[in-house]
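A quick write-up on the structure given underneath.
Within every chain, numbering begins at 1; the chains are lettered A, B, ... in the order of the sequence lines, protein sequences first and strands thereafter.
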Amino acid sequence: MNSEHIYLIGVVMSQQKVTPRSEDYSRWYTEVIQKAELADYAPVRGCMVIRPYGYALWENIQDTLNSMFKATGHKNAYFPLFIPESFLKKEAEHVEGFAPELAVVTIGGGKELEEPLVVRPTSETIINHMFAQWIHSYRDLPLLLNQWCNVVRWELRTRLFLRTLEFLWQEGHTAHATAEESEAEARRMLGVYQNFAENFGAVPVIPGRKSESEKFAGAVVSYSIEAMMGDKRALQSGTSHNLGQNFAKAFGTQYLDKNNVLQYVWQTSWGLSTRFIGAIIMVHGDDQGLILPPKLAPTQVVIVPIWRKDEDKARVLAAVDQIKADLGAQVRIEVDDREGFTPGFKFNEWELRGVPLRLEIGPKDLEQANVVLARRDTRQKVTVPQAGLLPHILQTLDEIQSNMFTRAKDFMDANTFDVSDYGQFKEMMQGEEAAGFVRAYWCGDRGCEAQIKEETRATSRCIPFEQDGTQGVCFHCGRPATEKVIFAKAY
RNA sequence: CGGGGCGUAGCGCAGUUUGGUUAGCGCGCAGCGUUCGGGACGCUGAGGCCGGUGGUUCAAAUCCACUCGCCCCGACCA
């Protein structure tokens, strides 16, 4: 490989397109989403339109998770949007948890319905209703299903991708013969999420158990992966629940075991939603806009051809066609040959849209048989020969992917603190700015957590699996504590 | 649901205090020409139920009443 010229791209710009993150983080967030054309506001409050670019990102998330679920033996199915209201009421904690945020249909075809239909906020109930009919024998177990769908939760305060009235997700639902199996399944699927988040989204996460008050309504135990956003707030990026026999008992989901004894099944459910797109935006983005991880980016390489005269144009575009033919099968490419936009404009636009790698090619490059590659993550430009371009690009995309993860991991680690003094914690959590993650001994008591939330607006995010095995005293109430917990301000 | 703010072109705004003829500016959009290696420029042009309803008036974007919607801040959340 020839000597590569490396230089940083000038940051001087004639006009600021996006509000800098340091100025107003949440404004930056909404502006980036709209300007990058990921999503737009819908005419209904709290709802959003996912635009083609955002949906392509979601499709890549779906494809990746789908192949992971296939590898773990899960099959896709689809259950109805409408759930009889009475179903929700069968599991006590479940109703209590979801009642305030249900959308309910009371009229159909112009007539008042005999029984109102709930628009699914999640599908445990209707799935159990069906499981009860499908499962008869231990031979029917385990039953491992997943569905991709939309769900509706009538939230008060909404944010694009993070919390909208309707959102897209996948929900896995499984039934098992033993408590050990359902526990193992819940943990296994959280592992799948961690693998996905870290190795595909380049989003480092802390896997752990949810506290009593943060756990899913109707679960015995909830697990989650927690990620740190660019403003040091926490975002729950995926959850997995061991439902025990709670729903099985409410719906009579039973099977005959080997001894011909009727048993309730043990269940799990787990979900990852379009919220994860919010995580990608906030974990990686900078003041230029999005930075998408190569493995999930709808476009991995954008080619910007540059020309002055018509004769140059023809030659440059011919070279672009050749490059496209060489790379096309292995790299997701887009060629930006729009007329009437200067190269500089296009550079900025594709950076805003977060394309990991840009390839510039113009008359000067043709003479030398070179191209210019510009990395989105480091904003470095290098000149490389056209010969051997494919392996070079593939390697660069790998480097970007791992650099993005490392950078995010370093940020999270640098903003995670061990604290034992509650006064210090309170100090840290003061003000609007989030201080990051605080790891502290905590007793696990519901009331204790409620007080902490009241006093600091921080909540327990998860009790990490990774513990050093030592014991201590609760940093808030002083009672004995066996585990350290992550506290943070959360989305 | 309580407190604060805002509705004028696709977006951002001016005009409203003190009513007056054809409602303006920037960006964006369309056409043409010159440009093109880090956000180019000129000319021409399209685009408005001034959130809605009712009232006052010779006359309402402007004054009055009601109403609808949105945004921000406080109690819930993938």
Mate of [N] where both pairing distances stay under 3.5 Å, Watson-Crick or G-U:
N: G69(B); answer: C6(B)
N: C50(B); answer: none
N: G74(B); answer: C1(B)
N: C63(B); answer: G55(B)
N: A23(B); answer: none
N: A30(B); answer: U44(B)

Detail all sub-3.5 Å separations between protein N/O atoms and N/O atoms belonging to nucleotides 69-74 of chain B.
from   : atom 1 : to        : atom 2 : distance (Å)
C73(B) : OP2    : Arg157(A) : NH2    : 2.5
G74(B) : OP1    : Arg457(A) : NH1    : 3.3
G74(B) : OP1    : Arg457(A) : NH2    : 3.4

Glu37(A) atom CD: more than 12 heavy-atom contacts under 6.0 Å: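 Yes, CD of Glu37(A) has more than 12 neighbouring heavy atoms, counting only those of other groups under 6.0 Å.
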Residue whose nearest RNA chain B nucleotide is more 5′ - Gly362(A) or Phe216(A): Gly362(A)
Look for any protein N or O under 3.5 Å of an N or O in nucleotides 33-35 of chain B and output each such pair with its distance, or none.
none

Lys/Arg cation over aromatic Phe465(A): Arg187(A), 6.0 Å, 45° cone: yes
Arg353(A) charged N/C atom sitting above Tyr53(A) aromatic ring, 6.0 Å / 45°: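 The answer is yes, since Arg353(A) meets both limits relative to Tyr53(A).
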Parallel, tilted or perpendicular, as decided by the 30° and 60° cut-offs, for the rings of Trp169(A) and Phe167(A):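 The rings of Phe167(A) and Trp169(A) stand perpendicular, inter-plane angle above 60°.
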Rounded C1' spacing from C27(B) to C64(B) in Å: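 That atom pair is separated by 36 Å.
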Candidates Lys215(A), Arg209(A), Lys210(A) - the one meeting salt bridge (charged side-chain N to carboxylate O under 4.0 Å, His left out) with Glu212(A): Lys215(A)
